[in-house]
Amino acid sequence: MIESLHVVGSGCSYDVTIAEGLLESVGERVAASTGAGRVAMVTDTTVDALFGDAVARSLTAAGVEVHRMSVEAGETSKSWKVSGLLLERMSEAGLRRGDAVVALGGGVVGDLAGFCAAVYMRGIGVIQVPTTLLAQVDSSMGGKTGVDLPRGKNLAGAFHQPLAVLTDPCVLPGLPEREWLSGLAEVAKSAFLDSAAAVEQLEADAAALLARDPEAVYRAVVMAAGLKVRVVSADPLEGGIRESLNYGHTLGHAIEAVAGYGVVPHGRAVADGIRFAARLAQEVLGADAAWTARQESLLDALGLSPSGAACGVGDEAGLRRAMAADKKARSSTVRFALLSGPGVYQPFEADEAVLAEHLREWCAAESRG
Ligand SMILES: NC(=O)c1ccc[n+]([C@@H]2O[C@H](COP(=O)([O-])OP(=O)(O)OC[C@H]3O[C@@H](n4cnc5c(N)ncnc54)[C@H](O)[C@@H]3O)[C@@H](O)[C@H]2O)c1
């Protein structure tokens with residue numbers, strides 16, 4: 001099975017190719033899409049041990065000189081310091097304007113390597129080779145790159161669209177459970193944003209996805225990548241509809257920040273955020289209660305039950321502060337992506353009073369179980 005999706009917009013145009021076994025042909029595909037004689041293959045220690053040799057071999061066989069650069073696995077590598085070290089290594093390796101970066105890994109490597117490609121010699125090409133479910137369905141597409149600063153995530157960054165995205169779902173079976181759930185939360189978000197048909201398919205596939213059945217995984221990756229491609233093509237620089245991709249993330253990010261990054265798994269936090277947004281849509285947009293219940297049951301079926309993390313006494317004010325401090329927040333209100341039905345997106349500005357009331361209700365309902 002092979003699916004080729006095309007991103008086009010604001011001066012960029014590239015393919016997202018999804019196929020089982022694609023990793024074997026990364027070399028020829030990188031050579032064809034970049035024409036580079038030399039690449040920096042940026043990866044992390046875990047992914048390097050699993051797939052580094054195969055990808056490096058494929059690049060060498062295609063006549064591309066490979067400079068392998070492996071960072072420690074985990075979010076702490078997405079830093080200003082590590083990006084500086086990588087840039088120095090790229091210059092020592094003699095990379096020139098026509099050369100490229102291959103980002104082999106999850107969202108951390110994709111954001112970090114993409115950022116280095118964006119600033120090295122004022123921009124060289126990057127090929128994204130995503131190896132986590134989250135990166136395959138979300139972060140590898142759309143050109144957002146960046147690193148974290150001590151005061152917050154993704155505070156330094158640039159839009160830098162890849163020259164190609166090469167997605168091989170066969171790399172996913174060994175992904176740790178926590179990372180699998182993070183990806184599933186994004187898959188659920190994508191189906192809710194996409195259409196009634198996508199929600200129905202995901203309901204049918206939920207058990208198979210938990211068991212990582214290859215056909216169900218392939219369908220989910222194609223569905224979610226397809227949604228992302230359509231949205232970022234329509235709005236490459238996040239001036240409008242791309243905000244919809246934030247569905248569930250407004251409260252989700254706040255939960256992660258309040259609990260301390262890494263304490264609540266990303267997927268559980270996003271699922272909590274979707275539950276909150278669904279109830280908010282019911283209250284402020286008059287969305288059908290059955291639509292809220294349907295989203296909640298699908299999240300449960302995907303193993304994304306409520307985390308309970310955000311409902312401790314006193315957390316409500318902290319959540320409000322974290323949402324207001326988010327770099328996507330505008331002035332004194334907090335902007336939510338809401339859905340009044342499958343695929344029916346509507347932004348909503350919640351002022352402090354509305355937010356406090358709904359958070360209180362939500363926290364009370366969550367702690368009642
Ligand atoms: N640029 C965007 O649009 C965008 C969107 C969403 C998230 N992000 C960013 O993505 C990052 C999170 O990405 P992530 O969830 O992929 O985490 P990650 O990159 O840290 O990967 C998670 C873990 O899985 C390991 N791993 C990767 N592939 C594997 C495989 N095939 N088998 C076994 N283990 C594997 C990694 O080594 C790591 O330890 C965050 O920094 C977030 O800000 C970016």
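Counting starts at 1 for both ligands and their atoms, following the listed order.
Listed for the Ser233 side chain is a donor-acceptor partner under 3.5 Å among the backbone atoms of Val8. A donor-acceptor distance shorter than 3.5 angstrom exists from the side chain of Asp235 to the backbone of Arg242, with no hydrogens or angles considered. Listed for the Ser77 side chain is no donor-acceptor partner under 3.5 Å among the backbone atoms of Ala73. Side-chain N or O atoms of Ser140 include one that pairs as donor or acceptor with a backbone N or O of Ala135 at under 3.5 Å. Not a single donor-acceptor pair under 3.5 Å links the side chain of Asp15 to the backbone N or O of Thr17.
Under 4.0 Å from ligand 1, the heavy atoms of Leu50 that appear belong solely to its side chain. Residue contacts with ligand 1, taken as heavy atom pairs separated by less than 4.0 Å, involve Asp111 solely via side-chain atoms from C-beta onward. For Thr131, heavy-atom contacts with ligand 1 shorter than 4.0 Å involve the backbone as well as the side chain. With a 4.0 Å cut-off on non-hydrogen atoms, His266 does not touch ligand 1 at all. Of the heavy atoms in Glu186, none comes closer than 4.0 Å to ligand 1. Counting heavy atoms under 4.0 Å from ligand 1, residue Ser182 does not touch it at all. Residue Asn154 touches ligand 1 through its side chain alone, judged by heavy-atom distances below 4.0 Å. Under 4.0 Å from ligand 1, the heavy atoms of Leu134 that appear belong solely to its side chain.
Looking at atom 21 (O) of ligand 1, its nearest protein heavy atom turns out to be Thr132 CG2, 3.6 Å. At the shortest separation from atom 36 (C) of ligand 1 among protein heavy atoms lies Asp44 OD2, 3.3 Å. Considering only non-hydrogen protein atoms, atom 20 (O) of ligand 1 sits nearest to Val108 CG2, 3.3 Å. Given atom 39 (O) of ligand 1, the protein heavy atom at minimum distance is Ala73 CB, 3.7 Å. The protein atom (non-hydrogen) at minimum distance from atom 24 (O) of ligand 1 is Glu179 CG, 3.9 Å. Regarding atom 29 (C) of ligand 1, its nearest protein heavy-atom neighbour is Leu175 CD1, 3.4 Å. The protein heavy-atom contact nearest to atom 10 (O) of ligand 1 is Gly107 CA, 3.3 Å. What sits closest to atom 25 (C) of ligand 1 on the protein, heavy atoms only, is Thr46 CG2, 4.5 Å.
For the pair Arg275 and Trp362, the NZ or CZ position fails the cation-pi test of under 6.0 Å to the six-membered ring centre and within 45 degrees of the ring normal.
Remark: distances from the non-hydrogen atoms of Lys228 to ligand 1 include one below 4.0 Å. Using a 4.0 Å heavy-atom cutoff, Gly174 is listed among the residues neighbouring ligand 1. Remark: distances from the non-hydrogen atoms of Leu172 to ligand 1 are all 4.0 Å or more.
Remark: ligand 1 atoms within the under-4.0 Å shell around heavy atoms of Val171 are 30 (C), 31 (N). Near Lys153, meaning under 4.0 Å from one of its heavy atoms, ligand 1 places the atoms 40 (C), 41 (O), 42 (C), 43 (O). Remark: ligand 1 atoms within the under-4.0 Å shell around heavy atoms of Phe51 are 31 (N). In summary, the atoms of ligand 1 found under 4.0 Å from a heavy atom of Glu75, numbered by their order in the structure, are 40 (C), 41 (O). Of all the atoms in ligand 1, the ones that sit under 4.0 Å from a non-hydrogen atom of Lys144 are 1 (N), 3 (O).
In the model, Gln282 has a side-chain atom that pairs as donor or acceptor with a side-chain atom of Thr292 under 3.5 Å. At a cut-off of 3.5 Å, with distance as the only test, no side-chain donor of Glu75 or His266 sits close to an acceptor on the other residue. Judged by distance alone, the side chains of Lys78 and Asn154 do bring a donor and an acceptor atom under 3.5 Å apart. Tyr14 and Gln161 form a side-chain donor-acceptor contact under 3.5 Å, judged by distance and modelled atom types alone. A donor-acceptor contact under 3.5 angstrom links the side chains of Ser307 and Asp272, judged on distance only.
A distance of 10.5 Å separates CG of Leu237 from NZ of Lys144, quoted to the nearest 0.5 Å.
Of the listed residues (Thr76, Leu104, Asp138), the one carrying the non-hydrogen atom nearest atom 6 (C) of ligand 1 is Asp138. The closest heavy-atom contact to atom 5 (C) of ligand 1, among the options Ser139, Ser77, Gly105, comes from Ser139.
Tracing side-chain contacts under 4.5 Å through hydrophobic residues (I, L, V, M, F, W, Y), one reaches Leu227 starting from Met141; they form part of the same cluster.
The N/O atoms of Ala135, backbone and side chain alike, include none that comes under 3.5 Å of an N/O atom in ligand 1. For Thr145, no nitrogen or oxygen atom sits less than 3.5 Å from a nitrogen or oxygen atom of ligand 1, counting backbone and side chain alike.
Summarising the local packing, CD of Glu72 is surrounded by 12 or fewer heavy atoms from other residues, nucleotides or ligands at distances under 6.0 Å.
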Residues Arg279, Glu361; criterion salt bridge (charged side-chain N to carboxylate O under 4.0 Å, His left out); working and verdict: CA-CA 10 Å; Arg279 289 182 208 175; Glu361 278 172 18; over 6 Å; no
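In summary, the aromatic rings of Tyr345 and Tyr247 are positioned with their centroids too far apart to meet the 6.0 Å limit.
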